[in-house]
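Data first, discussion second: the structure below is written as structure tokens.
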Amino acid sequence: MSLEPGKLDVSQRRQIMTTVQQQLAIQMAQELLQKLSDKCFKACVPKPGGTLSSSEQKCIGQCSDRYMEAWNIVSRAYGERIKREQQRQ
Amino acid sequence: MSLASLANDPELQKFVAEKELENQLTAQVHHLTNVCFDKCLESNGNLSELSSRHTTCLQNCVDRFLDCTTLITNRTIQRIQQGR
């Protein structure tokens, strides 16, 4: 309930922020999953057969783990680069 | 809650601006990982762990890619200023 017409109260604002935050998180997760699938399918399933073999499954598992690790390394390196650039200015 | 109240709320606007910036940075990380995974792991995901060589490669890749972008940006600006 708004105290003033045309203004948001604290709980409304918080609700909107939470919703936006959640939707961005979902969006990010979807994008990550998409990239993972693309990369690991390409790397691990060169010739799609009738099923995913156990070696293909193992490869896909390792691939997605390595990709996530790479993502973290890149994220950290990027953050540090930005910090260095800011300090330079 | 009207659209007007959403638009006029300065705290919300600040929040949205921050989130947009965060989003851009995250998108850049996605893109860098995409490029550097291929370069440094040679599109081979079938590894049980990342070696320190892989880690160094990924870190270098990020920095060199950003150097490359900076170079291209500056060069492009130069061309525009020179009216070519």
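Note on naming: letters A, B, ... go to the chains in the order of the sequence lines (proteins, then strands), and numbering restarts at 1 for each one.
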Can you tell me which portion of B:Glu11 sits under 4.5 Å from chain A's heavy atoms? Options are side chain, backbone, both or neither. both
Portion of B:Asn34 that has a non-hydrogen atom of chain A nearer than 4.5 angstrom: both
Identify which part of A:Leu32 has an atom lying under 4.5 Å from any heavy atom of chain B, answering side chain, backbone, both or neither. both
Heavy-atom distance under 4.5 Å to chain B: side chain of A:Lys39, backbone, both or neither? side chain
Of the non-hydrogen atoms in B:His30 and A:Tyr67, which two are nearest, and what is the gap between them? O-OH, 4.2 Å
Contact check, side chains of [X] and [Y], non-hydrogen atoms, under 4.5 Å:
X	Y	answer
B:His31	A:Val74	no
A:Val20	B:Val16	no
A:Ile16	B:Asp9	no
B:Leu12	A:Met17	yes
A:Leu24	B:Thr26	no

Cluster overlap [X] with [Y], hydrophobic side-chain contacts below 4.5 Å:
X	Y	answer
A:Trp71	B:Phe65	yes
A:Leu36	B:Leu58	yes
B:Leu50	B:Val29	yes

Step by step, would you call A:Tyr78 with B:Leu66 a side chain to side chain contact (heavy atoms under 4.5 Å, CB included)? CA-CA 9 Å; A:Tyr78 185 56; B:Leu66 294 172; 3.8 Å; yes
Are there residues of residues 46-53 of chain A whose heavy atoms fall under 4.5 Å of chain B's heavy atoms? If so, which? none
Which of the residues B:Leu25, B:Leu32, B:Leu47 is involved in the greatest number of heavy-atom pairs with chain A at under 4.5 angstrom? B:Leu47
Who among B:Glu22, B:Glu42, B:Gln59, B:Gln28 has the most heavy-atom pairs with chain A under 4.5 Å? B:Gln28
With chain B as the partner, which of A:Arg76, A:Glu69, A:Gln27 has the greatest number of non-hydrogen pairs under 4.5 Å? A:Glu69
Would you mind telling me which of A:Gly61, A:Cys59, A:Gly79 has the largest number of heavy-atom pairs within less than 4.5 Å of chain B? A:Cys59
A:Arg84 with B:Asp63: basic N within carboxylate O range, under 4.0 Å: yes
